[in-house]
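Reminder, nothing fancy here: chain letters follow the sequence lines and each chain counts from 1. For the numbers below, each heavy atom of this structure counts, side chains included, while hydrogens, waters and symmetry mates do not.
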Amino acid sequence: MEEIKKESLNFIEEIIENDLKRKKHTTILTRFPPEPNGYLHIGHAKSICLNFGLGLKYGGQTNLRFDDTNPAKEDIEYVNSIKEDVKWLGFEWARELYASNYFDAIYTLTLKLIKKGKAYIDESSAEQIAALKGTPTSVGKDSPFRNRPISENLALFEKMKNGDCAEGSMVLRAKIDMSSPNMILRDPVLYRIKFAHHHQTGDKWCIYPMYDYAHPISDALEEITHSICTLEFEVHRPLYDWTIAELELFPSRQIEFARLNLNYTVMSKRKLMELVKNNLVSGWDDPRMPTISGLRRRGYTPASLREFAHRIGIAKRDNVIDVSLLEFCIREDLNKNAPRMMAVLNPLKINIINWLKDRTEYVSIENNPEQSEAGHREVPFSNELWIEQDDFMENPPKKYFRLTPGGIVRLKGAYIIRCKNVIKDFEGKVVELDCEYISESRSGRDTSGLHPKGVLHWVSAKHAVEAQCRMYDRLFKVESPDAGDGAYKTHLNQDSLKTLPKIYGEPALKTAQKGDTFQFLRNGYFCVDTDSTDNQLIFNRTVTLKDAWAKLAAKG
RNA sequence: UGGCCCGUGGUGUAACGGUAGCACUGCAGAUUUUGGUUCUGUAUGUUAAGGUUCGAAUCCUUACGGGCCAACCA
């Protein structure tokens, strides 16, 4: 009998399996609760994969619920982008919901809370409330309005709802414990007045519940079994439980896990928003952004992001994931799935001097060595070719096995050539190379007996497709741009985007469509950018290939 | 000077009182018509001190380190 080692569970899965086993629940229901006040980033992707993944794994479901309790900061634009991103990641929600769907229910429940004497209207100013709140190390003091009669609370709450009170003039507070060591429990604000237009409810309401109050109620009304959020909400859990208990609702349980941190980038919505607003990037979907839309435009696939989320795991300790893991995940996917193409990014012209000027020969090159069923394509070879400037050196260092004066090299899928003559301009810069091809060296029928160490990619000049290339690198030049004071913007990598206005690709690239991904042989993975037009093909570099030579050369 | 949470190689994450494992990264080598892929090898770890136990990364205590908490934000 083969012993099957069962995959270890993360702590949330353990809780769920335990709940299922003990029959606390017969099925599970999770939710992904974004606030529509910005675009989703890869940290949200972690949460999405967790919540939807759990639903899938345990045969339950997951709701998408917009946490839209603050109309001042939220917008329908974000609602739409969030839906698009979740779908693109490959998940389907059971129900599309909004916390605002429950505004009536929450209002009714609140009446019950007030009648129980568990909430009161406080007419103190925000400053007064803050002053009486105390500090983490000193207790708070009761508000002078704390013990007003229930009937008065009811009447004032009614007035508040009817729009008879000015913004900031009063709030509804829970009556819990002003001396609690947990600041969250010092009579938290439940409702505030905001005369703001809401993207879902329009102008129906001028009072809006706070997150801490609306969230447990929303969870409970949906009968969410496991309400998963990030660690900073841990201290809010007693309030979450208090709300459910006082209102006698479905016992949803909040569980917290550590949010994702990635090095060489920033992850807070506020900072990402600043980058966008200050035009430090081209938008939320700039390919350098850690947003889901940015990664999508960069050429990351949903599968690679899901794999990444799986590999980083779920735990409660703070973590900083190395971007190299993200890069590993996309390379792994694209290596297996992206068709290979040849494209010369920094061209150097070579003349095959013993090749007839008008002759074109087609050579057959595999589309993907990782997939035999991907087949081959025909690539034209002629007397004028482009190769990469880096692939020729007049005075090569040791272990350089590309083209050198008098040296030989294999042109991928075609012939071996020998460099016969180096042509320079008046400044001494190499501008062209005269080479001879070895006629009996054609790939697949090579009888030359030669074994060059180097194999170069190339493009026939007269058949080349021209395109623009955007070479992306990490947005920040330091590992922790967030460290220290708010000076993260000073760590921006000025070279995070280099545009190559004219690159030469093999003819098959002509029909490439937006979003298509390729491996440009020896250069990296690229995808067709959404800015492309019929007249101008634009590629984004998703990620480079691992480059052993670059490493060696850098060492000297 | 408060409360809560968390400390396992460089980075993540397992081991649920019984041989500290896996992945990424690094390094070295093999293979290769991509200096890619693949394969092999290798380096680095239980924060510390006590205690319980035949046996502790795991349980207890203390210390140390990190994080969170004082929006009418989420």
Discussion item. Can you tell me which nucleotide in B:C69, B:U37, B:A15 comes closest to the side chain of A:Ser8?
Written reply: B:A15
Worksheet item: Of all the choices, B:U25, B:A74, B:G26, which nucleotide is nearest to the side chain of A:Lys551 once you look at every atom?
Response: B:G26
Discussion item. So A:Leu456, base contact, sugar-phosphate only, or nothing? Heavy-atom distance under 4.0 Å.
Written reply: nothing
Worksheet item: Where the side chain of A:Lys412 is defined as all heavy atoms beyond and including C-beta, which of B:U34, B:C72, B:U13 is the nearest nucleotide?
Response: B:U34
Response to the item:
By the Watson-Crick or G-U definition, both distances under 3.5 Å, B:A28 is matched with B:U40
Item to complete: Indicate whether OP1 or OP2 belonging to B:C73 is found under 4.0 Å from a side-chain N or O atom of A:Arg192.
Response: yes
Worksheet entry | Sugar-phosphate, base or nothing in reach of A:Arg402, heavy atoms under 4.0 Å | base
Response to the item:
By the Watson-Crick or G-U definition, both distances under 3.5 Å, B:G2 is matched with B:C69
Practice prompt. Using heavy atoms and a sub-4.0 Å distance, could you list which residues of residues 363-379 of chain A are near RNA chain B? By number, please.
Written response: A:Pro369, A:Glu370
Worksheet item: Does the side chain of A:Asn37 pick up a donor-acceptor pair with the side chain of A:Glu35 at under 3.5 Å?
Response: yes
Worksheet item: Would A:Tyr211 pass as stacked on B:A74, i.e. its ring centre under 5.5 Å from the base's six-membered ring centre and planes under 30° apart?
Response: no
Fill in: Atom C1', compared across B:U58 and B:A70: separation rounded to whole Å
36 Å
Worksheet item: Contact class for A:Gly524 vs. all strands (heavy atom < 4.0 Å): base, sugar-phosphate, or nothing?
Response: nothing
Discussion item. Using a distance-only criterion (donor-acceptor N/O pair, under 3.5 Å, no hydrogens), is the base of B:A74 paired with the side chain of A:His236?
Written reply: yes
Practice prompt. Determine if the base of B:A15 is syn or anti; take syn to mean the glycosidic torsion is within 90° of 0.
Written response: anti
Discussion item. Can you confirm whether the side chains of A:Tyr415 and A:Glu361 place a donor and an acceptor under 3.5 Å from each other?
Written reply: yes
Worksheet item: With both distances under 3.5 angstrom, what nucleotide forms a Watson-Crick or G-U wobble pair with B:C59?
Response: B:G51
Discussion item. Closest approach to the side chain of A:Leu325, judged atom by atom: which nucleotide of B:U33, B:C24, B:C73 is it?
Written reply: B:C24
Worksheet entry | Note: A:Asp219-A:Arg65 ion pair, threshold 4.0 Å (strictly below) | yes
Worksheet item: Would you say B:U33 has OP1 or OP2 under 4.0 Å from some side-chain N or O of A:Lys453?
Response: no
Discussion item. Please report the distance separating the P of B:C6 from the corresponding atom of B:A15, rounded so that it comes out in whole Å.
Written reply: 15 Å
Worksheet item: What nucleotide, of B:A74, B:G3, B:U11, holds the atom closest to the side chain of A:Val320?
Response: B:U11
Worksheet item: Rounded to whole angstrom units, what separation is found between the CG atom of A:Asp75 and the P atom of B:A74?
Response: 16 Å
Item to complete: Could you tell me whether a side-chain N or O of A:Thr110 sits under 3.5 Å from a main-chain N or O of A:Ile106, the two making a donor and an acceptor?
Response: yes
Worksheet item: Nearest of B:C72, B:C73, B:C69 to any side-chain atom of A:Lys73?
Response: B:C73
Item to complete: Using the C1' atom on both, measure B:U11 against B:G51 and round to a whole Å.
Response: 33 Å
Discussion item. I'd like to know if the side chain of A:Arg418 reaches the main chain of A:Cys435, judged simply by a donor and an acceptor atom lying under 3.5 Å from each other, with no hydrogens or angles considered.
Written reply: no
Worksheet item: Tell me: CZ of A:Arg237 to P of B:C5, nearest whole Å?
Response: 8 Å
Worksheet entry | Under 3.5 Å side-chain donor-acceptor pair for A:Tyr98 and A:Asp67 | no
Discussion item. Between the base of B:U34 and the side chain of A:Arg340, is one N or O donor paired with an acceptor at under 3.5 angstrom?
Written reply: yes
Worksheet item: Is it the case that A:Arg253 and A:His226 place a side-chain donor and acceptor less than 3.5 Å from each other?
Response: no
Practice prompt. Please say whether the positively charged group of A:Lys161, taken as NZ for Lys or CZ for Arg, lies over the ring of A:Tyr107, i.e. under 6.0 angstrom from the six-membered ring centre and within 45 degrees of the axis.
Written response: yes
Tabulated below should be each protein N or O lying under 3.5 Å from an N or O of nucleotides 64-68 of chain B; please produce it.
residue : atom : partner  : partner atom : Å
B:G67   : O4'  : A:Asp318 : OD2          : 3.2

Worksheet item: Whole Å only: how far is the CG atom of A:Asp187 from the C1' atom of B:A70?
Response: 14 Å
Discussion item. Please pick, from B:U33, B:C72, B:U25, the nucleotide with the shortest atom-to-atom distance to any side-chain atom of A:Lys546.
Written reply: B:U25
Worksheet item: In the strands shown, is B:G21 matched to any nucleotide by a Watson-Crick or G-U wobble pair with both distances under 3.5 Å, and which?
Response: B:U13
Worksheet item: Donor-acceptor pair under 3.5 Å: do we get one between A:Arg410's side chain and the base of B:U33?
Response: yes
Discussion item. Between B:C59 and B:C73, how many Å separate the two P atoms, rounded to a whole number?
Written reply: 41 Å
Discussion item. Using whole Å, what does the distance between atom C1' of nucleotide B:A15 and atom CG of A:Leu9 come to?
Written reply: 13 Å
Discussion item. With a 4.0 Å cutoff (strictly under), does any side-chain N or O of A:Ser324 reach OP1 or OP2 of B:U11?
Written reply: no
Discussion item. Closer than 4.0 angstrom, basic N to acidic O: yes or no for A:Arg148 and A:Glu123?
Written reply: yes
Worksheet item: When you match A:Arg445 and A:Ile184 each to their closest nucleotide on RNA chain B, which lands nearer the 5' end?
Response: A:Arg445
Item to complete: Provide the distance between the two C1' atoms, one in B:A71 and one in B:A14, to the nearest whole Å.
Response: 40 Å
Worksheet item: With a 4.0 Å cut-off, would you call A:Glu256 and A:Arg237 a salt bridge?
Response: yes
Worksheet item: So, the side chain of A:Gln519 versus the backbone of A:Ala338: is there a donor-acceptor pair under 3.5 Å, distance only?
Response: no
Discussion item. Please give the distance between the P atoms of B:A63 and B:A23 as a whole number of Å.
Written reply: 39 Å
Item to complete: From the options B:U37, B:U11, B:C6, select the nucleotide whose nearest atom is closest to the side chain of A:Arg317.
Response: B:C6
Worksheet item: Which comes earlier along RNA chain B counting from the 5' end, the contact point of A:Ala550 or that of A:Phe328, where each point is its nearest nucleotide?
Response: A:Phe328
Worksheet item: Which part of the nucleic acid, if any, lies within contact of A:Glu256, taking any heavy atom under 4.0 Å across all strands shown: a base, the sugar-phosphate backbone alone, or nothing?
Response: nothing
Worksheet item: Short question: side chain of A:Thr201, backbone of A:His198 - any donor-acceptor pair under 3.5 Å?
Response: no
Worksheet item: Whole-Å distance between B:A70 P and A:Asp212 CG?
Response: 10 Å
Practice prompt. Rounded to the nearest angstrom, tell me the gap between atom NZ in A:Lys336 and atom C1' in B:U38.
Written response: 12 Å
Worksheet item: How would you label the contact of A:Ser138 with the nucleic acid (heavy atoms, under 4.0 Å): base, sugar-phosphate, or nothing?
Response: nothing
Practice prompt. Considering only atom C1', compute the distance from B:G12 to B:A20 and round it to an integer number of Å.
Written response: 16 Å
Worksheet item: Side chains of A:Glu388 and A:Asn523: do they bring a donor and an acceptor to under 3.5 Å?
Response: yes
Worksheet item: Between B:G2, B:A14, B:C72, which nucleotide has the shortest distance from any of its atoms to the side chain of A:Thr137?
Response: B:G2
Worksheet item: With rounding to whole Å, what would you report as the distance between B:U8 and B:U46 at their C1' atoms?
Response: 4 Å
Item to complete: Take A:Tyr120 and A:Ser143 through the side-chain hydrogen bond (donor to acceptor under 3.5 Å, both in side chains) test and state the conclusion after the steps.
Response: CA-CA 10 Å; A:Tyr120 62 96; A:Ser143 160; 4.9 Å; no
